[in-house]
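Reading through the C-alpha cells given below for one structure.
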Amino acid sequence: MVLERPGAPLTPVEQPDPRPAIGEVRVRVAACGVCRTDLHVVDGELPNPKLPIVPGHEIVGRIDMVGGGVNALNVGQRVGVPWLGRTCGQCRYCRNGWENLCDRPLFTGYTRDGGYATHAVADARYVFALPEDGDDVATAPLLCAGLIGWRSLQIAGDGEKVGLYGFGAAAHITAQVARWQGRDVFAFTRQGDDAAQAFAKKLGACWAGSSEDAPPEPLDCAIIYAPVGALVPTALRAVRKGGRVVCAGIHMSDIPSFPYDILWQEREIKSVANLTRQDGEEFFKIVPKARIATQTVSYPLVRANEALADLRSGRLQGAAVLVP
Ligand SMILES: [Zn+2]
Ligand SMILES: [Zn+2]
C-alpha cells in the first residue's frame, strides 16, 4: 500500500519483491501495526518523506532472504522491524548513546519503505530478534507503541503516580508496564469517552477521567500521547512541584501560552524522540515478565485506509494492525 503524495489515500500497487542489499534482510511481513506517526506521514504533517513511500514501522515477520555480510540473522528467523531504520554511527549523538537523535537517520515507513506490504527490506543491524513463538498481530504494536511507551516512561522518571494523556495504543501498553512496576496509573481521555476510561481501568488504572478533569491527587509525572498541544499546560497543572511532563508524540498542535506559575517550582517539560536499539533490548526482556497483552483490531492490508481513518477518528480501542 503506497502513499504517492501526502493527503492522498494509499493505493495498492503490485511490485517485484524487493531484494536485500549488503547488510540488509528481507522480511516476509506477517503483521504491521498502524501508528499515529503513519497518520502524520499520510496527512503531510512530517516534512520530507520519501515519496512514493510504503508506510508502516511496526513490522513482525520472518526473514525470507539475507543480503551479503549478514551473520547475526538467518532465513526463517522471527523478527521485528521498528521505526529506527538506520543511523550514521558517526555523529556526536550516535557516539554518545543518543542514536535516537542521529543527524543522518533513516526511519522505516517515512524515509525508507516500511511494512504496509507483503515484504519489507531492513538494515539487519536495526532489526530485533523475536521469540519463535508468539502471536504476530499481538506483537506488532510493541514495535513502536510499546517501545516509545517504554522510552517515555523511563524519561518520565521513577515517580509513583503516573498520568497518561490519550489512552490509545501506546498508553495501553505503558499502563501495563507501569502497573507491573508497582506504580499508580491515572488515565486521561477525551471528554465523555467512557469506553476508553473503562478500558484503562480494566488495565489497572486507579483513576480514569476526562483530560479536562484534575486528578484526585497531584501526579509525579505525566506522559502526553495525544497530539494535542493544549494538553501541555493541562498536564503541568496536574503534576506536583518538581514534576515532569513528557510529550511522547512526533507531532503536536501548537502549545498555547500559559502562565509561568504552572512551570515554576522546578516542573519540567521534555519531549521523546524515536528510540535506541538499547530501548528495544530492555523492553523486549520486560514484555514476558510484565505479561503485556495488547488489544488489537486487525484489518486486511488492502484496507489500510480504513484502519488509518479509524485511528484518526478515535474509534479504535487499542491498536490497529494490518495483515497481508
Ligand atoms: Zn548519527
Ligand atoms: Zn510509531
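In each ligand, atom 1 is the first atom listed, and ligand 1 is the first ligand listed. Please read these numbers as outputs of a predicted model, since none were measured by experiment.
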Open item on the list: Looking at Gln181, I want to see if its CD is surrounded by more than 12 non-hydrogen atoms of other residues, nucleotides or ligands under 6.0 Å.
Closed with: yes
Salt-bridge contact [X]-[Y] (side-chain N to carboxylate O under 4.0 Å):
X: Lys241; Y: Glu266; answer: no
X: Asp136; Y: Arg78; answer: yes
X: Glu24; Y: Arg112; answer: yes

- [ ] Would you give the angle at the Zn ion (ligand 1) between Cys94 atom SG and Cys88 atom SG, to the nearest 10°?
- [x] 120°
- [ ] For the atoms SG of Cys91 and SG of Cys102, give the angle they form at the Zn ion (ligand 1), rounded to 10 degrees.
- [x] 120°
Open item on the list: Before moving on, can you tell me the angle at the Zn ion (ligand 2) between the SG atom of Cys144 and the NE2 atom of His57, to the nearest 10 degrees?
Closed with: 110°
